[in-house]
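Since the structure comes first, as structure tokens, the remarks are kept for the end.
Reminder, nothing fancy here: chain letters follow the sequence lines and each chain counts from 1.
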Amino acid sequence: MINAKPAPSDFIRSMIAEDLKANKNDGRVHTRFPPEPNGYLHIGHAKSICLNFGIAAENKGGLCNLRFDDTNPSKEDVEYVESIKADIQWLGYDWGDRLYYASDYFEQLYEYALQLINYGKAYVCDLSLQEIREYRGTLTEPGRESPYRNRSVGENADLFKRMRDGEFPDGSRVLRAKIDMASPNLNMRDPVIYRILHTSHHRTGDTWCIYPMYDFTHGLSDSIEGITHSICTLEFEDHRPLYDWFLDELKVFHPQQIEFARLNLSYTIMSKRSLLELVELGFVSGWDDPRMPTIIGLRRRGFTPESIREFCNRIGVAKKDSTVDVALLEHSLREDLNKRAPRVMAVLRPLRVVIDNYPEGKTEQLEAINNPEDPAMGTRKIPFSRVLYIERDDFRENPPHKFFRLTPGREVRLRYAYFITCVGAVKDEKTGEITEVHCTYDPQTKGGDSPDGRKVKSTLHWVSAEHSVNAEVRLYDHLFTRENPANSKEGHDFKSFLNPNSLEILESCHVEPSIANAAPGEHFQFERLGYFTVDNVDSKKRGIVFNRSVTLRDKWVKIEKAQKTEVKTAKEEKKLERHGAITLERKKDDARPAEEIGIDYFSKIDLRVAVIKEASHIEGSDKLIRVMADLGEGHLRQIFAGIRSAYPDPSKLVGKKVIVVANLKPRKMKFGVSEGMILSGGQEGNLSVTTFDGNPLPGDEVS
RNA sequence: UGGGGGAUCGUUUAGUGGCAAGACGACAGGUUCUGGCCCUGUUAACCGAGGUUCGAAUCCUCGUCCCCCAGCCA
């Protein structure tokens with residue numbers, strides 16, 4: 001049973017509860033999920049699915065239909081119909097025998113249209129597309145009535161029948177509702193309800209060459225199916241008067257339309273159009289690319305239906321536009337997989353470890369717990385031998401502060417195996433890269449505990465070199481670098497924020513032998529790394545492939561990051577102060593003196609490498625230089641820098657690599673908008689910008 | 001400048017005239033054979049200005065800001 005947890009409460013559910021109390025609709029609750037089969041379902045649709053099917057499930061006798069809104073054959077396809085059905089089922093919902101298509105109602109819809117004509121409430125209009133637009137008026141001016149508005153009922157009926165019979169070409173005529181061309185609601189200015197489209201429909205074939213529009217179709221389909229609550233997204237709010245108008249004029253059963261805010265997720269996009277673009281332009285491998293917010297993409301990535309449903313439960317339903325933090329989605333997955341995923345050991349970036357005092361050729365089978373969260377999942381055996389692999393990240397020749405892992409002279413635990421002590425490291429003389437680490441083990445610590453109560457500061461995962469299985473692992477990160485790529489304030493195209501590091505493929509990973517034959521879709525926790533799922537597309541072809549579904553929360557990366565920014569800020573703080581460039585605003589109640597500004601503020605400063613493409617003096621300013629800088633964003637930024645005194649010939653700056661504070665609020669100046677700040681320092685008289693000699697790329701983060 | 005909607009911790013959602021609550025995040029600590037899980041604590045909000053009231057996030061007035069609408073798309 002879905003929704004075992006207490007049902008969430010929201011304004012829609014309260015509304016339905018009120019209706020039930022008033023015995024509206026004879027106590028029936030009947031919803032529907034009405035996708036248009038013109039694309040794949042995404043997490044935003046999941047919200048709607050969970051809402052509609054959820055409400056039906058929560059109410060006694062409640063039902064939810066699946067109805068395809070297939071009124072535009074030029075965009076729709078059976079491929080999408082099938083994928084949508086599969087996705088809903090995978091999410092765990094069941095429409096029973098109530099699978100419908102708006103196209104099932106075409107004949108009845110046609111009759112309704114004829115009825116409207118007979119009531120004098122609809123007319124055939126011969127205006128062109130362009131003319132209809134002109135006659136509609138604007139947001140502030142009323143529209144004008146079509147010269148065809150007052151055709152007789154007989155003529156309208158005749159013309160409409162002939163439209164159906166295919167006598168007229170596409171675009172030559174439409175059927176319009178006769179409402180009010182002066183209505184402040186544009187939707188009520190004689191909306192089109194039928195258009196001519198000589199296009200084959202994926203279900204009705206060539207039976208029809210006229211197709212009904214959404215507004216006409218949707219409400220009447222709801223009515224035909226006896227839907228009590230027709231739940232849709234906010235943008236249809238101003239369509240509600242029209243929804244109501246059709247039902248009232250035709251005097252048929254009148255469902256209630258209720259609108260809620262669609263889901264937006266940080267670091268991704270949700271519009272079908274944009275998603276399609278990513279697929280068609282090849283920025284992703286397909287609708288099922290594990291970085292896509294599509295249901296099929298999330299599924300391939302390793303999300304479970306339970307985690308998605310739980311997520312939908314948590315985000316709530318309201319009318320406020322919102323962007324949910326993707327961290328909440330990730331949290332829901334971790335929470336689910338923590339309970340269910342078996343733990344295994346896998347080494348992604350292998351470093352060879354030789355246990356010098358372990359007998360050559362010997363193998364031991366050590367017992368490991370499958371899931372500490374669920375003892376019922378039992379134990380398994382894993383092979384141990386003299387040569388092992390550990391994670392490269394788990395060894396440091398010169399350990400930073402708070403690094404607890406393996407380092408020369410230090411003893412650590414190999415999970416479920418032995419304590420080992422590092423006695424040496426082999427380096428590639430040319431590159432300086434560590435190629436092998438030598439250790440000794442303490443036979444007394446077999447199983448991972450020391451009889452003398454000795455403690456170690458960390459436990460490492462490992463695999464036996466000889467027994468491990470090679471695997472490919474794909475690491476994913478957010479598809480976009482911006483929280484809200486779709487609506488950038490600067491008006492950039494969402495594609496300019498694609499994250500170049502959203503996919504990293506690791507080909508020489510080693511996993512423990514127990515999962516050599518894991519089935520596609522199986523979930524595991526790779527201890528200390530994250531949750532991984534066997535890829536269901538590429539695994540068969542080329543050996544086993546794992547997708548990283550989500551990382552484990554990781555305190556060490558936070559410590560490491562904090563250490564880096566500490567160094568960075570200590571250096572940069574001075575420069576910024578000297579330049580007098582940044583005044584950090586303190587909160588009202590913040591009692592700290594200004595000189596004790598917290599490190600948090602500085603960790604938010606985004607320093608980027610930029611190449612200066614143009615530099616020129618500005619007429620009317622003896623201090624500023626105007627610079628166009630490339631930060632690798634696909635466009636140049638205009639920056640005004642107060643460095644003219646140091647650069648009488650600004651062209652010297654062209655081609656120089658400099659550091660730019662990239663995340664400052666664009667500042668309007670007399671000469672234009674300044675989109676950043678160039679780091680510079682020095683005393684009066686020897687001021688200069690900070691430049692680079694190495695080979696950093698534009699947009700590289702400076703730390 | 002017309003119409004329709006919306007503003008509560010960083011994010012999200014409760015609270016509808018009587019103690020501003022939870023979740024995620026962030027931060028700090030405890031525990032630990034996963035720097036995971038778990039536990040504890042800290043941080044942090046009613047868009048603004050008036051008014052009504054013993055008492056306002058909630059009711060009233062006037063503002064401000066944000067979203068949607070000018071497809072023969074849905």
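- Distance CZ (A/F260) to C1' (B/G6): 16 Å, rounded to an integer number of Å.
- With B/G3, B/G6, B/U34 as the candidates, the nucleotide lying closest to the side chain of A/K319 is B/G6.
- Considering only the side chain of A/L552, B/G36 comes nearest among B/G6, B/G2, B/G36.
- Closest to the side chain of A/P372, out of B/U34, B/G2, B/C72, is B/U34.
- Using a 4.0 Å heavy-atom cutoff across all strands shown, A/D449 reaches at least one base atom of the nucleic acid.
- For A/R405 against B/G35, a side-chain N or O and a base N or O form a donor-acceptor pair under 3.5 Å.
- Picking from B/C73, B/C72, B/A74 the nucleotide with the shortest atom distance to the side chain of A/V192 gives B/C72.
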Could you pull out all donor-acceptor pairs under 3.5 Å where a side-chain atom in residues 184-198 of chain A meets a protein atom, sequence neighbours excluded?
unit_1 : atom_1 : unit_2 : atom_2 : d
A/N185 : OD1    : A/N187 : N      : 2.9
A/N185 : ND2    : A/D238 : O      : 2.9
A/R189 : NE     : A/R136 : O      : 2.9
A/R189 : NH1    : A/S183 : O      : 2.5
A/R189 : NH2    : A/R136 : O      : 3.1
A/R189 : NH2    : A/T138 : O      : 2.6
A/R189 : NH2    : A/E141 : O      : 2.8
A/D190 : OD1    : A/R149 : NH2    : 3.2
A/D190 : OD1    : A/I179 : N      : 2.7
A/D190 : OD1    : A/D180 : N      : 3.4
A/D190 : OD2    : A/Y123 : OH     : 2.6
A/D190 : OD2    : A/R149 : NE     : 2.7
A/D190 : OD2    : A/R149 : NH2    : 3.4
A/Y194 : OH     : A/Y110 : N      : 3.3
A/R195 : NH1    : A/T71  : O      : 3.3
A/R195 : NH1    : A/Y211 : O      : 3.4
A/R195 : NH1    : A/P212 : O      : 2.8
A/H198 : NE2    : A/F168 : O      : 2.9

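- Figure legend. B/A49 is base-paired to B/U61; pairs are counted as Watson-Crick or G-U wobble with both atom distances under 3.5 Å.
- At the phosphate of B/U32, neither OP1 nor OP2 sits under 4.0 Å from any side-chain N or O atom of A/K455.
- Here the C1' atom of nucleotide B/U32 and the CD atom of A/E373 are 12 Å apart, to the nearest Å.
- Closest approach to the A/F236 side chain among B/G36, B/A74, B/U12 is made by B/A74 (side chain taken as heavy atoms from C-beta onward).
- A salt bridge links A/E310 with A/R314: at least one charged nitrogen is closer than 4.0 Å to a carboxylate oxygen.
- Nucleotides B/U8 and B/C66 are separated by 14 Å at their P atoms, to the nearest Å.
- A donor and an acceptor atom sit less than 3.5 Å apart, one in the side chain of A/Q525 and one in the base of B/U34.
- A side-chain donor from one of A/R32 and A/H218 sits under 3.5 Å from a side-chain acceptor of the other.
- Between A/R349 and A/E391, no side-chain nitrogen of the basic residue sits less than 4.0 Å from a carboxylate oxygen of the acidic one, so the salt-bridge criterion is not met.
- Going from atom CD1 of A/I315 over to atom P of B/U11 covers 17 Å, rounded to whole Å.
- Partners of A/Y40 under the side-chain hydrogen bond (donor to acceptor under 3.5 Å, both in side chains) rule, at least two apart in sequence or in another chain, are A/E79.
- A salt bridge is absent between A/K402 and A/E560: the closest approach of a Lys/Arg side-chain nitrogen to an acidic carboxylate oxygen does not fall below 4.0 angstrom.
- The NE2-P distance, from A/H331 to B/A23, rounds to 10 Å in whole Å.
- Ranking B/C72, B/G35, B/C37 by closeness to the A/L129 side chain, first place goes to B/C72.
- When each of B/C67, B/U13, B/G35 is scored by its nearest atom to the side-chain atoms of A/K320, the top-ranked nucleotide is B/U13.
- Looking at the side chain of A/D69, the nearest of the listed nucleotides B/A70, B/A74, B/C67 is B/A74.
- Side-chain N/O atoms of A/H461 include none lying less than 4.0 angstrom from OP1 or OP2 on B/U34.
- Listed pair A/R553 / B/A26 meets the phosphate criterion, a side-chain N or O lying under 4.0 Å from OP1 or OP2.
- For A/D190 and B/G71, the CG to P distance is 15 Å, given to the nearest whole Å.
- Judged by ring centres under 5.5 Å apart and planes tilted less than 30 degrees, A/Y214 fails to stack against the six-membered base ring of B/A74.
- Note on A/R189: every side-chain N or O is 4.0 Å or more away from OP1 and OP2 of B/A70.
- Taking every side-chain heavy atom of A/R195 into account, B/A74 is the closest of B/U13, B/G35, B/A74.
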